[in-house]
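So that the names make sense, note that chain A is the first sequence line, chain B the second, and so on, each numbered from 1. Only this structure's heavy atoms are used, side chains among them; waters, hydrogens and symmetry mates stay out.
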2 protein chains.
Amino acid sequence: MALSKPSAERLSRLAHLLEQRHDRHTPVSSTELERLTGWPSHTIRKDISALSLPETVSTTAGYDSHLLATAIRQSLGFGEETQNCCIVGLGRLGSAFLEYTGFTDSPFTLCAGFDSNVNRIEILKASVPLFPTFKMKEIIPRLAIRYAILCVPPEQAQNTALRLADCGVAGIVNFTPAIVRPIEGVEIEQVSIVDVLGGLAARLAAT
Amino acid sequence: MALSKPSAERLSRLAHLLEQRHDRHTPVSSTELERLTGWPSHTIRKDISALSLPETVSTTAGYDSHLLATAIRQSLGFGEETQNCCIVGLGRLGSAFLEYTGFTDSPFTLCAGFDSNVNRIEILKASVPLFPTFKMKEIIPRLAIRYAILCVPPEQAQNTALRLADCGVAGIVNFTPAIVRPIEGVEIEQVSIVDVLGGLAARLAAT
């Protein structure tokens with residue numbers, strides 16, 4: 001299946017949005033999805049139609065929220081099991097993400113935090129276990145961690161990403177302002193406030 | 001100019017990357033840009049060629065970093081002046097962003113933080129002035145703030161976004177896990193770790 005990156009991200013967000021709905025089996029129309037997401041309904045319909053979904057997902061009243069979410073997740077390569085992630089670098093940003101509530105009702109589970117400062121690990125309170133960075137090679141395979149959220153100081157970003165790849169991590173979300181160069185066998189996505197602001201500004205200039 | 005959103009974001013990130021280079025006038029080839037960004041060089045060339053750039057930007061040895069960055073910024077609607085932003089909601093995530101170093105060498109300047117908790121404002125140390133949320137209507141126009149980074153608790157996201165729109169903010173980066181419904185006249189971009197992880201997972205499944 002060749003989904004474009006924006007399409008995959010929209011579908012992933014859509015599934016997440018549907019998973020958060022309480023009325024799980026109430027039909028939801030593409031117009032309502034437009035209102036909820038802010039994306040044009042024809043974009044949403046196109047994204048969904050690119051997946052090979054079972055016919056039961058769609059009725060004349062709209063999509064079944066729960067079935068659609070499950071079907072999207074399956075099309076995007078998720079089974080029923082959750083995907084484990086960890087946070088690497090527990091400074092202000094990383095430790096803030098330890099408390100991020102957005103993982104609830106998502107297919108991702110935060111299951112560990114790492115920091116090179118052992119004192120910091122002992123002081124921080126967290127609902128997940130925290131480990132010193134030198135234990136990554138042991139802990140990451142043991143906890144079957146596939147994704148890492150990178151929050152180390154920018155000058156350590158590249159080296160830490162290389163170590164994470166070496167530990168078997170498949171995907172890295174880079175929250176540092178440093179660009180991490182491509183690493184064979186690992187998908188890396190940088191999230192930079194400045195670049196998100198730049199994108200917003202460009203869209204504002206175009207309207 | 002009708003730039004797609006991914007193209008605008010790539011160009012914005014590219015300009016930011018070029019601005020961070022120390023050798024500002026050394027030519028940079030699209031192959032080198034591919035290595036730095038991880039995007040295919042033909043995508044980069046296509047993005048750049050969609051802009052109407054002065055011929056001096058491109059030589060046989062490559063692009064002039066500084067001229068290219070400036071030309072991209074201008075094409076994306078930036079002049080020489082910086083764009084002011086603020087952080088709204090100074091819990092762990094918002095206060096972590098107060099220390100974000102990525103604004104340096106970017107066209108964006110962080111110039112204020114807001115929180116409804118007056119005690120928190122008094123306790124927090126920050127290099128920018130902090131204000132109680134009820135002063136937004138006065139401070140945002142006075143400091144010519146165009147962008148807000150939304151870090152309030154999720155249940156306050158929609159209302160706070162509406163208030164920001166009312167204060168004249170043009171763009172909002174929503175870091176809360178709550179979806180903010182579209183608001184007339186404001187560009188909103190949600191950044192959700194879970195959706196970024198979902199996009200990564202989808203790309204991994206597709207390869």
In Å, rounded to the nearest 0.5 Å, how long is the span from [atom1] of [X] to [atom2] of [Y]?
X: B:L164; Y: B:N159; atom1: CG; atom2: CG; result: 11.0 Å
X: A:L162; Y: A:C167; atom1: CG; atom2: SG; result: 11.0 Å
X: A:R13; Y: B:I179; atom1: CZ; atom2: CD1; result: 6.5 Å
X: A:D47; Y: A:L14; atom1: CG; atom2: CG; result: 8.0 Å

Does any heavy atom of chain A fall under 4.5 Å from the side chain of [X], the backbone, both, or neither of them?
X: B:L197; result: both
X: B:F108; result: side chain
X: B:Y100; result: side chain
X: B:I188; result: backbone

Using a 4.5 angstrom heavy-atom cutoff, name the option from A:S95, A:G199, A:S192 with the most pairs to chain B.
A:S95

Contacting region of [X] [heavy-atom separation from chain B under 4.5 Å]:
X: A:E189; value: both
X: A:L11; value: neither
X: A:S7; value: neither
X: A:R10; value: neither
X: A:I149; value: side chain
X: A:I172; value: backbone
X: A:L93; value: both

Do the non-hydrogen side-chain atoms of B:V173 and B:V191 ever get within less than 4.5 Å of each other?
yes

Do A:L18 and A:L33 have side chains that approach each other closer than 4.5 Å (heavy atoms only, starting at C-beta)?
yes

Are the side chain of A:N84 and the backbone of A:L143 linked by a donor-acceptor contact shorter than 3.5 Å?
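Answer holds: yes.
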
Would a distance-only check, ignoring hydrogens and angles, find a side-chain to backbone donor-acceptor pair under 3.5 Å from B:N119 to B:I123?
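Flag not set: sc B:N119 to bb B:I123 has no pair under 3.5 Å.
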
Name the option with the most non-hydrogen atom pairs under 4.5 Å to chain A; the candidates are B:R181, B:H16, B:R146.
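Maximum pair count with chain A is reached by B:H16.
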
For chain A, find which of B:V186, B:T101, B:I193 contributes the most heavy-atom pairs closer than 4.5 angstrom.
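Ranked by contacts with chain A, first place is B:I193.
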
Pick one: which of B:S30, B:P27, B:S29 meets side-chain contact (heavy atoms from CB on, under 4.5 Å) with B:Y63?
B:S30

